[in-house]
Amino acid sequence: MTDTRPPASKNLVTTDWLAARLGKPGVAVVDGSFYLPALKRDARAEFLSAHIPGAVFFDIDAIADHSTDLPHMLPGATQFAAEVGKLGIANDDTIVVYDGAGLGGAPRVWWTFRAFGAKNVFILDGGLPKWKAEGRPTESGNAKPAPKQFTGDLNTGQVATTDDVSLALMNESAQVVDARPADRFRGEAPEPRPGIRSGHMPGAKNVPVTGLIENGRLIAPDKIAEKFKAGGVDLDKPMITSCGSGVTAATLWFALDAIGKAPKQLYDGSWTEWGGRPDLPITTKD
């Protein structure tokens with residue numbers, strides 16, 4: 001049965017909306033698919049096999065800071081502008097991001113564009129699975145966009161460092177909300193990346209991202225609020241979102257933004273950075 005729920009966020013556009021605008025000037029369609037190695041899915045190979053016509057592939061591991069061993073950390077503004085300019089995207093374009101999971105890697109790409117100053121950035125509700133299920137067209141092969149100029153600076157204020165997170169946990173100036181599965185949060189399941197300790201930051205809250213997604217789509221706003229409250233989050237106080245490596249932390253951000261409670265910051269290094277540093281405290285207790 002087709003999921004006919006209305007979009008849960010003002011930052012979601014429908015497949016009908018996108019289909020009516022495909023190929024129009026100033027509309028950029030971006031495949032932001034990303035998968036952990038355990039899923040054994042190759043995002044780029046899947047893009048080459050089938051993508052929405054005119055879409056370009058945003059590789060979060062390539063458009064990233066390569067001076068660090070941490071995965072897909074935000075690049076500098078100059079690098080970001082050059083990379084997305086080559087993808088044929090300008091900062092004043094209407095940018096529509098989708099992914100192959102429905103709502104997987106797209107929020108991270110949405111959040112990244114917004115961090116670099118793009119204003120008109122949306123996510124395709126239901127992503128590629130919904131697009132395909134409706135029998136809409138796809139194409140294969142490499143994208144060949146005409147280059148554009150992207151200008152924008154990184155809003156560093158929305159990006160949390162380890163020091164920011166440590167201070168927030170110490171003085172309770174912001175709640176740290178972790179999107180990882182509950183068993184990883186509690187240290188009962190190993191981390192997918194080798195060398196990363198199990199557990200969580202003392203004082204962090206856990207709102208598993210899987211509970212915010214149903215059939216590849218964001219759940220209804222009232223249910224979003226319930227999930228965060230069930231995780232012990234006070235929606236009226238500042239929040240820093242975190243996860244394994246900064247990807248699903250953006251999905252928490254996207255969900256919170258949908259109910260008018262956008263977080264203060266996103267911890268870009270997330271648990272890969274925190275759990276990989278023996279000098280930082282961890283716990284396995286709730």
Side-chain angles (χ1 to χ4, degrees), residues 8 32-41 43 60-61 70-73 99-111 123 127 129 160 162 165 169 175-220 223-235 239-259 261 263 265-277 280-286:
S33 299
F34 169 81
Y35 307 106
L36 286 171
L39 295 176
K40 298 181 179 179
R41 293 183 65 174
I60 67 170
D61 285 317
L70 295 170
H72 37 256
M73 295 285 282
D99 63 57
L103 194 67
R108 169 68 188 200
V109 179
W110 169 86
W111 177 83
I123 292 177
T162 302
V165 174
L169 292 168
Q175 305 161 99
V176 178
V177 189
D178 191 324
R180 291 177 300 150
D183 56 354
R184 284 172 58 192
F185 182 82
R186 294 192 299 261
E188 297 167 357
E191 287 299 305
R193 294 178 174 83
I196 307 300
R197 297 174 294 166
S198 296
H200 61 268
M201 307 161 201
K205 314 288 187 181
N206 185 214
V207 180
V209 73
T210 50
L212 298 170
I213 301 168
E214 187 176 278
N215 298 324
R217 302 178 65 199
L218 187 65
I219 61 175
K223 292 183 178 180
I224 293 172
E226 289 173 5
K227 293 291 184 181
F228 279 92
K229 289 175 182 177
V233 177
D234 186 336
L235 292 170
M239 288 167 273
I240 298 173
T241 61
S242 182
C243 62
S245 64
V247 176
T248 56
T251 307
L252 291 189
W253 186 300
F254 189 74
L256 287 163
D257 185 83
I259 58 172
K261 303 291 184 180
Q265 294 175 306
L266 182 150
Y267 180 24
D268 201 18
S270 282
W271 190 252
T272 300
E273 180 173 27
W274 191 282
R277 284 183 50 176
L280 295 173
I282 66 169
T283 185
T284 55
K285 298 178 181 179
D286 289 335

Rounded to the nearest 0.5 Å, what's the gap from [atom1] on [X] to [atom2] on [Y]? Could you check?
X	Y	atom1	atom2	answer
Trp110	Leu103	CH2	CG	10.5 Å
Trp274	Asp178	CH2	CG	11.5 Å
Tyr267	Ile240	OH	CD1	10.0 Å
Glu191	Thr272	CD	OG1	7.0 Å
Ile196	Ile282	CD1	CD1	10.5 Å
Leu36	Arg41	CG	CZ	12.0 Å

Do [X] and [Y] come within less than 4.5 Å of each other through their side chains, counting heavy atoms only?
X	Y	answer
Ser198	Trp271	no
Thr248	Arg180	no
Ser245	Arg193	yes
Val177	Leu256	no
Leu252	Met239	no
Lys40	Tyr35	no
Arg108	Asp99	no
Ser242	Val165	no

message: With a 3.5 Å distance limit and no angle check, can you tell me whether Gln175 reaches the backbone of Asp234 through a side-chain donor-acceptor pair?
response: yes

Check: Met73 main-chain N/O paired with Asp268 side-chain donor or acceptor under 3.5 Å: no

- line: For Ala249 and Ala179 the tightest heavy-atom approach is N-CB, 4.4 Å

For the student: nearest non-hydrogen atoms of Phe185 and His200, plus distance: O-ND1, 2.6 Å

- request: Classify the ring geometry between Phe34 and His72 as parallel (under 30°), tilted (30 to 60°) or perpendicular (over 60°).
  value: perpendicular

field: side-chain contact (heavy atoms from CB on, under 4.5 Å) against Ala8, all qualifying residues, sequence neighbours excluded
entry: Leu218, Pro221

Anything under 3.5 Å between a donor and an acceptor, one on a side chain of residues 207-215, the other on a protein residue two or more places apart or in another chain? List them.
none

- prompt: Do Ile224 and Lys261 pass the side-chain contact (heavy atoms from CB on, under 4.5 Å) test, and can you show the C-alpha distance, the side-chain angles, and the key distance before you say yes or no?
  reply: CA-CA 11 Å; Ile224 293 172; Lys261 303 291 184 180; over 6 Å; no

task: Taking ring-ring contact (aromatic ring centres under 6.0 Å, His included) as the test, write out the residues that go with Phe228, two or more places apart.
output: none

